[in-house]
Structure formats: structure tokens, C-alpha cells
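We name chains A, B, ... by the order of the sequence lines, and we start the count at 1 in each one.
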Amino acid sequence: MVSIRLLFLSVFVAAILIGSGCAHDKRRDGRASAAYADPSTWMSAAETHQRRGDLQQALFEYRVARTLVKQDTDIDNAIRRLEKHITEQTEQLTKRGKGAMRQGKTSKAGRLYLETLSLDPNHKDALAALRKLDEESSKRAMERKVALSKRNGTGRGRRQKKGLQGYEEEAYTYSRQAILQTENGPGNVREFIKELEKHIQKYPHDLALRRLLSKTHVKQAKKTYQAEKYDRTLNYLEKAERAVNGDKTKINAIARVRKEFAKALYIKGVRSSREEPEQALRYWKQALKFDPEDKRIRLRIQNMQRM
Amino acid sequence: MLCMLINVGCSSHGFHLMGGYAGSSQVIAKDSEFVVLRVGRENARTLAKRFLGDEGRYWVIEDANESRPVKPGNVIIIPLQSTNPTGFGYDGYQTVPILCYHRFGNRGDRLEVSPEQFRAQMKYLQENDYRVVPLADLLGFLRGERALPKRSVVLTIDDGHRSIYKEAFPILKEFGYPATVFVYSDYMNNGGLKTAEVAAMAKSGLISIQPHSKTHGNLAVRQHGEDRQHYRRRIRREVTHPITKLTQQLGQKSRFYAYPFGDANDQVIDELQANGLLLGLTVQPRANAAFSYPYLLHRTMIFGDRDMDAFKSGLVTYKPRKK
């Protein structure tokens with residue numbers, strides 16, 4: 001009898017525990033979301049968004065509140081006031097946008113039209129004006145791209161000379177395009193170099209892009225030189241030389257950059273030789289790495305080491 | 001006895017142990033703009049079918065209730081009208097990336113994406129709540145008339161290589177993702193896709209077949225020795241021929257056009273418009289906003305030798321507004 005009671009009791013406790021456990025999460029979610037059936041939640045959210053300036057979201061929330069409480073004068077008035085405010089603001093913004101357009105200030109006009117749409121995403125005039133601006137800028141960008149296509153050998157004759165046809169020709173062109181489109185962009189230089197290296201690995205005879213890779217390495221070398229990271233500078237210059245694959249004109253141009261850096265380091269060494277002879281020696285040793293044939297630098301190092 | 005007790009415990013809060021919220025969804029309020037309801041056994045798709053008349057518009061409900069998942073017991077709202085067809089918000093605006101693929105395989109070419117990579121990319125889209133929409137859906141968005149799901153992405157595949165049918169199509173079917181295949185007509189049945197393959201893909205309802213010129217010559221660059229008149233004739237042929245061929249073979253009118261090498265000019269755009277084409281696609285890398293010019297839409301090239309991070313970086317679906 002006792003065991004039956006115990007069994008019944010334990011089953012009862014288990015049922016309560018399971019029951020409360022299974023409902024726990026859903027009840028919590030349900031309670032949290034139950035607030036969304038309360039118009040004051042939406043009114044309060046609308047007021048917060050309105051204060052922040054997000055009028056579109058505020059209007060949305062007032063409207064949900066109106067769905068929940070039909071014929072509420074306060075909500076109806078809030079909606080009417082906000083709609084009027086949005087209309088006034090968008091009228092003002094589009095007027096300023098048109099003025100900016102007349103003055104040729106297209107960036108400013110674009111910003112004003114974007115602001116208009118952020119208040120009223122259904123504003124047809126602002127959308128049309130932005131589309132016109134986009135058409136013009138897209139056409140300008142396309143003209144630049146087509147000019148690149150013309151300049152960089154996408155004419156059939158030049159491609160056929162390279163022995164590329166069909167898919168190969170297309171792959172080559174797109175690979176180049178992807179690189180050339182980002183050439184002067186704000187992108188990551190390391191990624192740009194990686195892309196160039198991939199292209200050259202696949203198309204080792206593309207001299208123009210070999211030169212572009214070399215030029216990019218030289219640019220990086222100049223940056224790292226300014227930052228006094230001389231070993232990295234040297235590394236970039238060596239890569240620049242390898243990229244042009246024995247092209248004498250380019251190798252000579254890089255040699256001039258090497259001499260330029262060596263000379264600047266030599267002068268730095270001379271300037272610090274009296275006060276900081278050890279630093280001077282470091283500069284000259286570094287200078288010699290850039291231009292190993294510079295006799296003046298060798299002499300300076302020898303003299304310093306004899307002292 | 002145990003089951004009874006368990007059920008009592010659960011149903012006192014409106015739940016059954018196995019079935020979630022007990023009843024069907026309970027409408028709390030409704031007018032011409034919104035339905036406010038407590039979700040019962042239904043999901044976003046069934047609710048969309050019931051209230052919006054199209055289960056495919058389930059995303060309208062999901063997007064309107066981002067902070068309140070559509071699950072039993074939760075109070076959600078269903079917007080009955082499209083209030084934001086252009087995707088503009090206070091902080092920025094929606095953009096739609098159009099991805100551009102070419103060939104599928106394992107040769108390691110830059111333009112060739114391996115089936116494994118393609119599957120991983122589709123899986124990434126699926127697992128990260130991107131919504132792959134057909135290119136045709138962009139039309140309403142670009143007119144400022146019809147909203148698109150948040151995180152919309154469009155898939156396109158150029159040229160008409162046979163690997164589209166063999167490798168990409170089965171993966172697209174597996175994920176249920178729509179895509180637009182742009183074919184250049186001289187390549188069809190001549191190394192490229194066979195008519196039967198094109199027809200099978202079109203019939204699936206997932207793939208839209210659209211023109212990508214006749215010969216895949218650059219339309220914006222005049223050929224050696226080509227005078228103005230010959231150039232004009234060539235452009236016309238490059239636009240009209242694939243349209244005619246696709247109409248004959250598939251019995252449907254072409255609506256979109258991808259420029260070979262992504263290059264176009266005013267003359268080419270005029271030709272597209274004269275032939276009733278509604279969108280022109282380039283390969284200028286950027287995502288598209290509702291105000292994008294429809295005849296120079298941007299696309300992001302997918303290269304086979306780029307990693308997943310590069311793929312992710314192309315998926316720009318919202319542009320913050322500069323203030």
C-alpha cells in the first residue's frame with residue numbers, strides 16, 4: 001500500500017516537473033511577445049523612434065497600435081501629425097535636392113534624395129531622381145570600363161595573337177577585368193597583389209599585368225620605406241624585379257628606386273655619424289643592401305669600422 | 001495516468017507536450033493594414049497562405065517579426081500592405097547582390113567553380129538566412145513597387161556551358177534555389193548546352209533561360225575595320241538573334257540580357273530597349289539598390305580560386321547611409 005502511494009506520489013511530482021518544464025520556455029516567449037498585443041507597447045516604441053528621427057518606423061508602429069485599438073483619437077491624431085510632418089520634411093528635402101541638382105552638386109542631391117526615401121520609401125520623385133543619378137554614374141563607370149577593354153587588348157585580333165579563344169579568351173578577359181577594375185579602388189592592396197599573382201601564374205605571358213604587379217610592389221616599397229621598415233622595402237623591390245621577368249627597362253627603373261633609397265639612407269647616416277656613429281653604421285649597412293655597388297657607402301662603412 | 005498528468009501540466013498554459021500551442025492561430029486584431037495574432041500550430045508559410053494568399057510570401061511575416069519568431073504562443077503581426085517596397089530604412093537601404101557564375105568543374109580555372117565549392121556557397125546562403133530570389137523579382141523592386149525579402153540574393157550563370165546542367169542544376173534543385181542562365185546562341189548545341197538540357201532546366205521552373213548575345217563578341221568595342229553601319233548591324237544581330245532562337249526553342253519571350261564581358265554603351269542599351277528587354281546586366285562589382293539603373297545592373301563575379309571569405313564579402317544586402 002505504502003509502495004503504491006509512493007509510486008503515485010513520484011509520478012505526480014514527475015508530471016508537475018515535466019509539465020512546468022515543457023511549458024517554461026514557451027510561456028516565457030509567450031509572455032514577452034504578449035506585450036505585442038498591447039497597443040501601449042507599440043505607442044511607446046513609436047514615440048521612441050519618433051524622438052530618434054526614425055519617422056518611418058514610428059509611423060509603422062502607430063499603425064499597428066491603430067489596428068489593435070480601433071477609433072482611438074489619440075492614435076489617429078498621432079498618425080495624422082506624423083504623416084503631415086513626414087510630408088513637410090520630404091517636400092523640403094526634395095526641393096533642396098532639386099536645387100542641388102540645378103547647381104550641379106550631384107553628391108549633395110543624392111544624399112538629400114536618400115534622406116527623403118528613408119522618411120518615405122514610397123517617394124516616387126526621389127526614387128526617380130536617384131535612378132537618374134545612378135544611370136549617369138553607371139554610364140560613366142561603364143565608359144571607363146569599355147576604355148579599359150579597348151586599351152587592354154580585348155579586341156579580337158590581339159586576343160587571337162595570344163592564342164586564346166572561346167572559354168579561355170573569356171576567362172583571360174574576366175580575370176584581367178576583375179583586377180583592372182579594382183586597380184585604383186579603396187580595396188586591400190595585399191588582396192590586389194594576390195589576385196595579380198594568381199592571374200600571372202595562369203597567364204605568365206601577360207606583360208601588362210606583370211608590369212602592374214611590379215608597379216604595385218614598388219608602390220608598397222615606397223610606403224614601407226616611409227615607415228622606415230627597410231627589410232620589407234627591400235623585399236617588395238625584389239618581388240617587383242621578379243615580376244617583370246627580365247624586362248630591362250623595368251629592371252632599370254627599379255634600380256633607380258633602389259639608388260634613391262640608398263642615397264637617402266646614406267645621407268641619414270652622414271647626418272647622424274658625429275652624434276650617433278652606431279646608428280650611422282646601421283643606415284649605411286642598410287643603404288648597401290639597396291645598392292650593393294655604391295662605393296661611397298662601402299668606403300664610409302670601412303672607415304667607420306676602422307675607427 | 002502519467003500522460004494525463006503531464007498533459008494537464010502543459011495544457012494549463014495552453015500547450016500540449018508533443019504538439020506545441022494547442023489551437024490554431026488566434027486573431028487578436030485585424031484591419032486593412034495588419035493582422036495581429038497569437039500563433040498556434042501554423043508556421044510562416046501556412047500563415048502567408050492564409051492571410052497573404054501566397055505561401056511564397058512567408059518572408060513578409062518573418063521580416064516583420066524579426067524580434068518575435070513565428071512560433072506557437074508568440075504574438076506576431078502580419079502586414080497586409082507593402083509599406084516599404086524600396087527597402088529604405090532610417091540607417092540605410094537594402095541592396096541586392098547578383099552573383100555571376102560561369103563554369104563548374106575541377107580544372108582549377110579562375111572562372112570555374114568546383115561543384116563542392118558551389119554546394120558550400122549555396123549551403124552558406126541557406127544557413128545564414130539569405131533568400132535566393134529569381135532575377136524577375138527584381139523588376140518590381142526596381143520600379144519601387146514590390147518589396148523583396150531582406151537578405152535577397154540573385155544567382156546568374158553566363159554562357160551556357162554544359163557543366164551548368166551536369167553540375168550546378170542538381171545542386172540548385174537540391175536547395176530549391178532559382179537561377180538565371182544567360183546563353184549565347186552560337187554556343188548552344190555547338191559545345192555548349194543542348195536544346196534538351198536547356199528545355200529541361202526551363203521546365204523545372206527554377207531556371208530562367210535568357211540571352212547573352214549570339215557570338216559572345218564584345219558589343220561595346222568595334223571590331224577591326226568595322227564601320228559605324230556594320231557595327232550597328234552587328235549589335236542588332238547580337239541582340240535579336242538569341243532572342244529569336246530562345247523564343248523558338250522555349251516558346252517564351254526573353255526579358256533580360258547579360259552583356260558579353262559585361263561591356264555596354266548607349267547604342268547597345270537602345271537595342272535592348274527596342275527589343276522589349278527589361279534588364280541589362282554587367283559585371284561591375286556592386287550590389288543593386290531599388291534606384292539602380294535597370295540596364296546597367298551590377299554583378300559580382302565568382303571566381304573558382306577565391307576562398308569563402310571572398311564569397312561572403314560579395315553578399316552585401318544592406319548599405320548603411322552616410323550622415
Side-chain angles (χ1 to χ4, degrees), chain A residues 11-12 14-16 18-20 22-23 26-27 29-30 33-37 52-54 56-57 60 63-64 66-68 70 111 114-115 117-118 121-122 124 127 130-131 134-135 138-139 141-143 145-146 149-150 154-157 166-167 170-171 173-175 177-178 181 198-199 202, chain B residues 1-2 5-6 8-10 13 15 17 21 28-31 33-34 36 38 68 71-77 83-90 93 102-103 109-111 144 159 161 216-218 220-221 223-224 261-265 282-285 290-293 296 301 303 305 321-322:
Chain A
V11 166
F12 185 72
I16 288 173
I18 294 168
S20 62
C22 76
K26 287 174 182 173
R27 264 190 299 157
D29 274 359
S33 81
Y36 295 110
R52 189 186 161 210
D54 188 353
Q56 188 202 142
Q57 183 61 25
F60 182 89
R63 283 175 174 161
V64 179
R66 182 169 65 184
T67 302
L68 285 162
K70 291 179 186 73
R111 276 198 305 278
L114 285 175
E115 205 176 326
L117 280 163
S118 75
N122 289 289
K124 295 281 177 202
L127 188 70
L130 272 175
R131 181 167 299 120
D134 187 75
E135 177 182 343
S138 295
K139 283 187 175 175
M142 182 52 75
E143 276 169 20
K145 183 177 181 293
V146 172
S149 293
K150 285 177 184 168
T154 51
R156 278 212 183 267
Y167 171 75
E170 194 183 3
T173 305
Y174 277 130
S175 178
Q177 268 187 10
Q181 277 173 344
K198 278 183 204 167
H199 176 87
K202 174 80 185 156
Chain B
M1 185 66 170
L2 175 65
L5 286 166
I6 289 170
V8 166
C10 289
H13 304 296
F15 294 99
L17 181 65
Y21 197 71
I28 296 164
K30 188 181 176 199
D31 63 7
E33 289 183 299
F34 299 99
V36 182
R38 186 180 297 280
R68 308 171 292 277
K71 63 179 192 182
N74 275 3
V75 175
I76 61 156
I77 55 164
T83 53
N84 189 355
T86 51
F88 268 79
Y90 176 66
Y93 53 86
H102 279 80
R103 202 161 81 169
D109 281 348
R110 297 210 77 193
L111 273 190
D159 295 349
H161 298 289
H216 205 282
N218 192 319
V221 179
Q223 290 173 354
H224 185 67
F261 303 105
D263 285 1
N265 58 23
T282 71
V283 289
Q284 302 276 58
F291 55 81
S292 289
Y293 179 54
L296 289 175
M301 290 279 284
F303 287 103
D305 58 2
R321 189 162 59 97
K322 288 176 196 158

Visitor: Quick one: does A:Val146's side chain get under 4.5 Å of B:Val221's, heavy atoms only?
Guide: yes
Visitor: Rounded to the nearest 0.5 Å, what separation is found between the CD atom of A:Gln177 and the CE atom of B:Met301?
Guide: 7.0 Å
Visitor: Hey, can you tell me if B:His102 and A:Tyr174 have their rings parallel, tilted or perpendicular (30° and 60° cut-offs)?
Guide: tilted
Visitor: Run the numbers on A:Gln57 and B:Tyr90 for side chain to side chain contact (heavy atoms under 4.5 Å, CB included), then give the verdict.
Guide: CA-CA 8 Å; A:Gln57 183 61 25; B:Tyr90 176 66; over 6 Å; no
Visitor: Which residues pass the side chain to side chain contact (heavy atoms under 4.5 Å, CB included) test with A:Glu135, not counting sequence neighbours?
Guide: A:Lys132, A:Lys139, B:Tyr293
Visitor: Within this structure, what is the CG-CD distance for the pair B:Asp159 and A:Glu170, rounded to the nearest 0.5 Å?
Guide: 3.5 Å
Visitor: Run the side chain to side chain donor-acceptor pair (under 3.5 Å) test against A:Asp54 and tell me which residues pass, sequence neighbours left out.
Guide: none
Visitor: Heavy atoms, side chains only, cut-off 4.5 Å: are A:Leu114 and B:Phe88 in contact?
Guide: yes
Visitor: Atom CD1 of B:Ile77 and atom CZ of A:Arg63: how far apart are they, to the nearest 0.5 Å?
Guide: 12.5 Å
Visitor: Within this structure, what is the CD1-OG1 distance for the pair B:Ile28 and A:Thr67, rounded to the nearest 0.5 Å?
Guide: 12.0 Å
Visitor: With the side chain counted from C-beta on, respond yes when A:Ser138 and B:Gln284 share a heavy-atom pair under 4.5 Å apart, and no when they do not.
Guide: no
Visitor: Is B:Tyr93 close to chain A through its backbone or its side chain, or both, or neither, when contacts mean heavy atoms under 4.5 Å?
Guide: side chain
